[in-house]
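All values reported here derive from a predicted model rather than from experimental measurement. Proteins get letters first, then strands, A, B, ... in listed order; numbering begins at 1 in each.
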Amino acid sequence: MPELPEVETIRRYLAPRLAGAIVRDVVVHDGRLRRPVPRGVRSDLPGQRIERVDRRGKYLLLSSAAGTAIVHLGMSGSLRLTEAGAPPATHDRIELLFAAGQSLRFNDPRRFGSWQWARRDPLDHPALRCLGPEPLDRGFDGRGLRRALRRRSSAVKLALLDQSLVAGVGNIYASEALFAAGVRPTARASSLSPARCDRLAVAIKQVLAAAIACGGTTLDDEGYASADGTPGRFQVELMVYGRAGEPCRRCGRAIRALRQGQRTTYFCPRCQR
DNA sequence: CCTATCTCCTGTAGGC
DNA sequence: TGCCTACAGGAGATAG
């Protein structure tokens, strides 16, 4: 399930390889994604030069003079850059063919991903307009986080998943960041002291940066990989996610799992108060 | 504005 | 072996 570190890993691989590349053709093998693939992807992108590959939250942005493809990998989406020519694989949905002979394939078994299109500033696009701050930016700190959390009555874990408060944190890194900060995921967001918000903001930055340095997290059942097929290595660094019943790597107590808003949260009952 | 709940989708795992 | 159910989860829609 690609979150910020996985998308950033893909971006870092693709940016130097796609910058300047000319899109020869766009083939939509199956446009039934989370929302239908907009016409602009097909009609405007061919012939364009990719100027930049950017990331905003969990979105990857492929920018050209004609517009920007706004790509979300959902939970099962992947991108693979290869030499063109191979027949499409099962669940290949969209393929960009480049003039130099490469092919960028978007594969998504569960169709939770999306390809949107922005003719003008992509940051004004509805998908990106309401995103919160980039957690790895300088400007993201405990004060801003506290401002965002203080008027939320929900559990802090759920608040961290809200992309309008912080962009790019998903289920894995929310649990990991709360562990790193020593904060109980069930704590009311509004109850966190300034000091704990400072610690949480630092923890979010540290966990995301460490995961990027490892090339993301590849779980057994999801099989995330970067655009050249390389899996991530952060799964061996996880402190709590997916470790229910196993001993805490810091204190030895059994890691616990609970359900919050239809998804699983992991935490250490001793290290997180 | 905020919160809680449901929905989309498909591969996989577990129970029987 | 096969059928059934539950589960994984991001984000948008909806109701309150």
Checklist outcome for this item: Smallest heavy-atom separation, A:Leu149 atom then A:Ala159 atom, equals CD2-CB, 3.6 Å

Item to check | Distance-only donor-acceptor check, side chains A:Asn107 and A:Ser78, under 3.5 Å | outcome: no

May I have the list of side-chain donor-acceptor pairs in residues 57-64 of chain A shorter than 3.5 Å, sequence neighbours left out?
{"residue": "A:Ser63", "atom": "OG", "partner": "A:Thr68", "partner atom": "OG1", "Å": "3.3"}
{"residue": "A:Ser64", "atom": "OG", "partner": "A:Ala66", "partner atom": "N", "Å": "3.2"}
{"residue": "A:Ser64", "atom": "OG", "partner": "A:Gly67", "partner atom": "N", "Å": "3.3"}
{"residue": "A:Ser64", "atom": "OG", "partner": "A:Gly67", "partner atom": "O", "Å": "2.9"}

Next on the checklist: Once you apply a heavy-atom cut-off of 4.0 Å, does A:Arg34 come out as touching a base, just sugar-phosphate, or nothing?
Outcome noted: base

Distances under 3.5 Å between protein N/O atoms and the N/O atoms of nucleotides 3-6 of chain B, please, pair by pair.
{"residue": "B:dT3", "atom": "OP1", "partner": "A:Ser153", "partner atom": "N", "Å": "2.7"}
{"residue": "B:dT3", "atom": "OP1", "partner": "A:Ser153", "partner atom": "OG", "Å": "3.4"}
{"residue": "B:dT3", "atom": "OP1", "partner": "A:Ser154", "partner atom": "N", "Å": "3.4"}
{"residue": "B:dT3", "atom": "OP2", "partner": "A:Arg152", "partner atom": "NE", "Å": "3.3"}
{"residue": "B:dT3", "atom": "OP2", "partner": "A:Arg152", "partner atom": "NH1", "Å": "2.8"}

Item to check | Under-4.0 Å side-chain N/O to phosphate OP1/OP2 contact, A:His91 with B:dC9 | outcome: no

Item to check | Gap between atoms CG and P, on A:Leu131 and C:dG10 respectively (whole Å) | outcome: 14 Å

Checklist entry - Cation over ring, A:Arg138 on A:Phe140, under 6.0 Å and within 45°? => result no

Item to check | Value in whole Å for how far the C1' atom of C:dG10 lies from CD of A:Glu3 | outcome: 10 Å

Checklist entry - Does A:Arg259 make a side-chain N or O approach to OP1 or OP2 of C:dA8 shorter than 4.0 Å? => result yes

Next on the checklist: Roughly what angle, to 10°, lies between the helix axis at the start of the helix from B:dC2-C:dG16 to B:dC16-C:dG2 and the one at its end, five pairs per end?
Outcome noted: 50°

Checklist entry - Going by atom types only, do A:Arg259 and A:Thr264 share a side-chain donor-acceptor pair under 3.5 Å? => result yes

Item to check | Whole-Å distance separating the CG atom of A:Asp108 from the P atom of C:dA8 | outcome: 19 Å

Next on the checklist: Any donor-acceptor pair under 3.5 Å linking the side-chain atoms of A:Gln235 with those of A:Thr218?
Outcome noted: no

Item to check | Test: A:Arg129 and A:Asp124 ion pair at under 4.0 Å | outcome: no

Checklist entry - Any side-chain donor paired with an acceptor under 3.5 Å for A:Glu6 and A:Tyr173? => result yes

Strictly under 3.5 Å: I want the nitrogen or oxygen pairs between protein and nucleotides 13-16 of chain C, one per line.
none

Checklist entry - Over how many whole Å does the gap from A:Phe112 atom CZ to B:dT10 atom C1' extend? => result 9 Å

Next on the checklist: Whole angstroms only, please: what is the CE-C1' distance between A:Met75 and C:dA8?
Outcome noted: 4 Å

Next on the checklist: Tell me whether the side-chain N/O atoms of A:Thr264 come closer than 4.0 Å to OP1 or OP2 in C:dA8.
Outcome noted: yes

Checklist outcome for this item: Between CZ of A:Arg110 and C1' of B:dT7 the distance, given in whole Å, is 15 Å

Item to check | Separation of atom CG in A:Asn171 from atom C1' in C:dA11, rounded to whole Å | outcome: 13 Å

Item to check | A:Tyr266 OH - C:dC7 C1' separation (whole Å) | outcome: 10 Å

Checklist entry - Between A:Gly113 and A:Leu33, what is the shortest heavy-atom contact and its length? => result O-CB, 3.4 Å

Checklist outcome for this item: ring pair (Phe, Tyr, Trp, His ring centres under 6.0 Å) filter on A:Phe179, not counting sequence neighbours, yields none

Next on the checklist: With side chain to side chain contact (heavy atoms under 4.5 Å, CB included) as the criterion, how do A:Thr217 and A:Tyr224 come out once you've worked through the C-alpha distance, each side chain's angles and the decisive distance to 0.1 Å?
Outcome noted: CA-CA 7 Å; A:Thr217 300; A:Tyr224 149 82; over 6 Å; no

Checklist entry - For A:Val27, what are the other residues in its hydrophobic cluster, where any two members join if their side-chain heavy atoms are less than 4.5 angstrom apart? => result A:Leu97

